[in-house]
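Below is one structure; the comments refer to it alone.
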Amino acid sequence: MSAPRIHKHRSTWGAFLIGVAVMAAVDEIVFHQILGWHHFYDGATLEIGLLTDGLLHAFELFAIVAGFFLLAHEWRGGTFNRGFAWAGFLTGAGLFQLWDGIIDHKVLRLHQVRYDVDLLPYDIAWNASGALILLAGVIVGIRAQRRASARSTAR
């Protein structure tokens, strides 16, 4: 009987969705609700800002449920790979942070980290933290791929 084949893509994508959802939740809970620094869309009324925050929450929940279903399927089938899952989680979290900092904040101007302050330190902290998380995900993914390759050649 052969060992179950590793489905790195499902482990990676399931955890990727969870990483995106967790980082979106951190942004939503900490910066939108607790600190009240911004809403997802600040270009209209407060009611529209709250509506867009609710839509972001709905997206987070959908992503986290879909991600856990993918990971549960891998776990049940014996093909879950922890290294690929961590790589996916960190990559998803880092990409969400960078997407929010570059696309949402600067390109689309949906909102800023804060208002009425010098934005540069906030933008640097926001985007640098996203880049570091993304880099960690890439490094973990490379290591997981090397381990999987070494295991498959040893068979």
Side-chain angles (χ1 to χ4, degrees), residues 1-35 37-41 50-114 121-155:
M1 183 173 175
S2 64
R5 206 170 150 230
I6 294 173
H7 294 264
K8 66 180 178 186
H9 297 296
R10 283 193 201 139
S11 294
T12 303
W13 282 110
F16 178 89
L17 286 172
I18 294 169
V20 167
V22 166
M23 191 54 76
V26 167
D27 180 26
E28 175 64 28
I29 293 166
V30 174
F31 297 99
H32 296 208
Q33 295 175 356
I34 294 175
L35 296 174
W37 285 359
H38 61 260
H39 298 287
F40 185 73
Y41 181 63
L50 291 172
L51 172 68
T52 59
D53 286 346
L55 293 173
L56 179 60
H57 261 316
F59 166 77
E60 296 160 18
L61 290 175
F62 175 77
I64 205 161
V65 168
F68 274 113
F69 269 109
L70 286 172
L71 292 183
H73 179 77
E74 292 302 291
W75 189 271
R76 190 181 62 210
T79 55
F80 174 78
N81 182 288
R82 184 178 303 172
F84 288 122
W86 274 111
F89 178 83
L90 292 168
T91 302
L95 276 178
F96 177 87
Q97 186 81 6
L98 274 179
W99 178 274
D100 191 44
I102 295 170
I103 303 299
D104 292 343
H105 294 180
K106 300 305 172 194
V107 175
L108 299 175
R109 299 193 158 281
L110 296 175
H111 61 263
Q112 297 296 323
V113 177
R114 290 192 75 177
Y122 292 97
D123 287 339
I124 290 172
W126 197 269
N127 293 321
S129 64
L132 286 175
I133 296 168
L134 176 62
L135 178 64
V138 169
I139 291 169
V140 170
I142 290 170
R143 293 179 72 192
Q145 181 62 50
R146 286 183 182 157
R147 269 189 251 122
S149 296
R151 260 188 256 133
S152 67
T153 56
R155 290 183 189 149

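For clarity, every value in this text was computed on a predicted model and none was experimentally measured. Sequential numbering from 1 along the given sequence is applied to the chain's residues.
- Taking the side chain as every heavy atom from C-beta outward, Ile133 and Met23 approach each other to under 4.5 Å.
- Looking at every heavy atom in both residues, Ala15 comes nearest to Leu71 through N-CD2, 3.9 Å.
- With a 6.0 Å radius and a threshold of 12 heavy atoms from other residues, nucleotides or ligands, Trp86 has its CH2 atom at or below the threshold.
- Classified by interplanar angle (parallel below 30°, tilted 30° to 60°, perpendicular above 60°), the ring pair Trp126/His38 is perpendicular.
- Across all non-hydrogen atoms, the minimal contact from Asp53 to Phe40 is OD1-N, 2.7 Å.
- Looking at His105, its side chain never comes within 3.5 Å of a backbone N or O of Gln112 through a donor-acceptor pair.
- No more than 12 heavy atoms of other residues, nucleotides or ligands lie within 6.0 Å of CH2 in Trp99, so this atom counts as exposed by the packing criterion.
- Although no hydrogens or angles enter the test, the distance criterion places no donor-acceptor pair under 3.5 Å between the side chain of His32 and the main chain of His39.
- No side-chain heavy atom of Leu17 sits under 4.5 Å from any side-chain heavy atom of Ile64.
- Proximity of a side-chain donor or acceptor of Thr52 to a complementary backbone N or O of Tyr41 within less than 3.5 Å is detected.
- The environment of Phe59 atom CZ is sparse: at most 12 non-hydrogen atoms of other residues, nucleotides or ligands sit within 6.0 angstrom.
- Asn127 is listed as a side-chain neighbour of Leu98, based on a closest heavy-atom distance under 4.5 Å.
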